[in-house]
Amino acid sequence: MKVFIPIIIYLISINQNYGQSFINSSLEFWSSPTVCETNTPPDGWSNYSNVGLGPDEANFPLCPTTIPPTAADGNIYARCLAGNPNTGEGMYQNILSLTVGMTYTISYNFCGSNRWGGSGDCVWHLFIDDVDVNQSAIFSSADTVWHTNQYSFIATASIHKIGVRAYTPTYNGGGSAAIDL
């Protein structure tokens with residue numbers, strides 16, 4: 001008598017986070033490194049503003065009155081106007097060489113800046129391919145403590161446009177928001 005032993009093959013798929021980097025992710029490099037406010041995005045980034053002139057360089061050694069008193073990483077961060085619930089300044093990059101089906105996590109640090117006045121609350125919106133997919137916690141323009149926001153997504157293409165834009169959640173006077181790393 002022959003005994004047949006079935007062989008079962010299990011295919012296990014592990015969803016891993018794959019590393020992919022933004023160009024100039026610490027926002028240390030700007031085309032005009034000695035100008036406190038440039039109204040242009042940092043090197044490697046493009047303007048994503050729908051109000052104002054564009055992100056400003058917040059170079060702490062050059063602009064000591066800027067809050068927060070330090071950058072989250074290095075000496076420089078970006079500062080954007082949070083105009084109202086529908087308009088704000090921001091920046092984006094096209095991230096290349098993503099693997100379709102893989103999970104990627106976007107992480108950034110944020111806090112208030114208040115360089116140009118305004119005492120309203122702010123919020124950072126995260127966009128993937130021009131779709132608003134995530135928002136940071138609401139924070140005060142005067143908040144000098146760096147906080148972290150993270151968002152994970154599954155790549156549906158090998159290139160995705162990733163952008164951030166500062167808003168104020170209500171018509172409360174607006175302010176400016178800092179972002180780094």
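The chain is numbered in sequence order, starting from 1.
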Within a strict 4.5 Å, meaning less than it, do heavy atoms of the [X] and [Y] side chains meet?
X      : Y      : result
Ser136 : Tyr108 : yes
His125 : Asp132 : yes
Asn94  : Tyr92  : yes
Leu27  : Pro42  : yes
Ile154 : Met102 : no

Kindly compute the distance separating [atom1] ([X]) from [atom2] ([Y]), expressed to the nearest 0.5 Å.
X      : Y      : atom1 : atom2 : result
Ser25  : Asp180 : OG    : CG    : 8.5 Å
Ser49  : Leu81  : OG    : CG    : 8.5 Å
Tyr151 : Leu126 : OH    : CG    : 7.5 Å
Ser97  : Ile159 : OG    : CD1   : 7.5 Å

Are a donor atom and an acceptor atom from the side chains of [X] and [Y] found within less than 3.5 Å of each other?
X      : Y      : answer
Thr87  : Asn50  : no
Thr148 : Asn109 : yes
Asn149 : Asn134 : yes
Ser152 : Thr105 : yes

- Query: Just by modelled atom types, is the Ala82 backbone N or O under 3.5 Å from a matching donor or acceptor in the Thr168 side chain?
  - Reply: no
- Has the side chain of Ser141 got a donor or acceptor atom that lies under 3.5 Å from a matching backbone atom of Gly120? yes
Between [X] and [Y], what is the shortest heavy-atom contact and its length?
X      : Y      : answer
Ser26  : Asp73  : OG-OD2, 2.6 Å
Trp45  : Met91  : CE3-CG, 3.7 Å
Thr70  : Trp146 : O-NE1, 2.9 Å
Ala178 : Pro68  : CB-CD, 4.1 Å
His160 : Leu98  : CD2-CD1, 3.4 Å
Trp30  : Pro55  : CZ3-O, 4.1 Å

- Message: Suppose the criterion is salt bridge (charged side-chain N to carboxylate O under 4.0 Å, His left out): which pairs have a residue in residues 158-167, not counting sequence neighbours?
- Response: Asp130-Lys161
- Task: Could you note down all residue pairs passing salt bridge (charged side-chain N to carboxylate O under 4.0 Å, His left out) where residues 134-148 supplies at least one of them, sequence neighbours left out?
- Result: none
Linked, directly or transitively: [X] and [Y] (ILVMFWY side chains, under 4.5 Å):
X      : Y      : answer
Ile138 : Tyr167 : yes
Ile23  : Phe29  : no
Tyr48  : Ile106 : no
Val131 : Val100 : no
Tyr104 : Ile95  : yes

- Item | Output field: ring centroids Phe110/Phe139 closer than 6.0 Å | yes
- Task: Apply side chain to side chain contact (heavy atoms under 4.5 Å, CB included) to Ile128 and Phe153, showing your working.
- Result: CA-CA 9 Å; Ile128 298 178; Phe153 73 100; 3.6 Å; yes
